[in-house]
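Inspection log for the structure reproduced underneath, given as structure tokens.
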Amino acid sequence: MLPVSVTDEIRADAVINEAGGLAWPIDCIPGSTCSERIGYPDIDGDGKAFNCGAPGYKGHTGTDIHVSWDQMDGGVDVVAAADGEVLWVFDGKYDRCQWPNSSDPDCRDPSAPMGPGVSSGYMDCTELGDYCGDGDCCCFWCFFGGNVVVIRHDDEPGVFATHYDHLKKNSIRVSRGDLVKKGQKIAEVGVLEDR
């Protein structure tokens, strides 16, 4: 059972109900307090989600949890799925994109190629750094979710990091280097594009 509201405190239900795994990252119950529509990832690009059903869209690697415009305006909390360190934060992008008719530049496909420090359309790329995973330096990562938080989880087996995309503009409450606890509020849900 999720609490009615979430503060900056750690959500007890996230720690208790999800001990030893990733917690549900949003303060809503699908089909009850938010839409039952969830776009599951298609990790291997075969057009199927983990449950053999349809993914959010082919090739998508994230889990999209839908909320209404009214819920977004009222504030739906996003919480850390596990303890970790905030690696990157991207904020300040427009958060009311409606495809395919959105005219805001932050809602458009990137017009610039991926590269260190590039921000174009809904894409943001990190600066060059030592996060290649093979001990070599240097590389960069790009994220395609507008307002984004990325958290590294050293103590979560099989999980390098979680990233939280499509966050509400200026709702992010963490900064690069912050240590967060499972269930801690990090931001609020922004728009999820319909493609």
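Residue numbers start at 1 and run along the sequence shown.
- Heavy atoms from other residues, nucleotides or ligands lying under 6.0 Å from CG of Asp44 number more than 12.
- At least one side-chain heavy atom of Phe140 sits less than 4.5 Å from a side-chain heavy atom of Met114.
- Looking at Val150 and Phe90, their side chains never come closer than 4.5 Å, going by heavy atoms from C-beta outward.
- In this pair, Tyr122 and Phe144 present their aromatic rings perpendicular. The plane angle is above 60°, beyond the 30 to 60° band.
- Note that the CD1 atom of Ile186 and the CG atom of Leu167 stand 6.5 Å from one another [nearest 0.5 Å].
- Considering NZ of Lys169 and CG of Asp106, their distance stands at 7.0 Å, rounded to 0.5 Å.
- Of the charged side-chain nitrogens involved, at least one lies within less than 4.0 Å of a carboxylate oxygen, so that Lys185 and Asp77 count as a salt-bridged pair.
- Looking at Val149 and Val174, their side chains come closer than 4.5 Å, going by heavy atoms from C-beta outward.
- Applying the side-chain hydrogen bond (donor to acceptor under 3.5 Å, both in side chains) rule to Thr126 yields no partners; only residues at least two apart in sequence or on another chain are considered.
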I'd like to know whether Phe160 forms a ring pair (Phe, Tyr, Trp, His ring centres under 6.0 Å) with His153, so could you lay out the CA-CA distance, the side-chain angles of the two residues, the decisive distance to 0.1 Å, and finally the verdict.
CA-CA 6 Å; Phe160 167 69; His153 305 290; 8.9 Å; no

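- Put simply, the side chain of Pro25 reaches to within 4.5 Å of the side chain of Ile65, judged on heavy atoms.
- A salt bridge is defined here as a Lys NZ or Arg NE, NH1 or NH2 lying under 4.0 Å from an Asp or Glu carboxylate O, and Asp95 with Lys168 fails to meet this definition.
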What verdict does the salt bridge (Lys or Arg N to Asp or Glu O under 4.0 Å) test give for Asp178 and Arg173, after you've listed the backbone C-alpha separation in whole Å, the side-chain angles of each residue and the deciding distance to 0.1 Å?
CA-CA 10 Å; Asp178 285 356; Arg173 294 183 170 208; over 6 Å; no

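- When the options Arg152, Lys182, Lys181 are evaluated for a salt bridge (Lys or Arg N to Asp or Glu O under 4.0 Å) with Asp83, the one that passes is Lys181.
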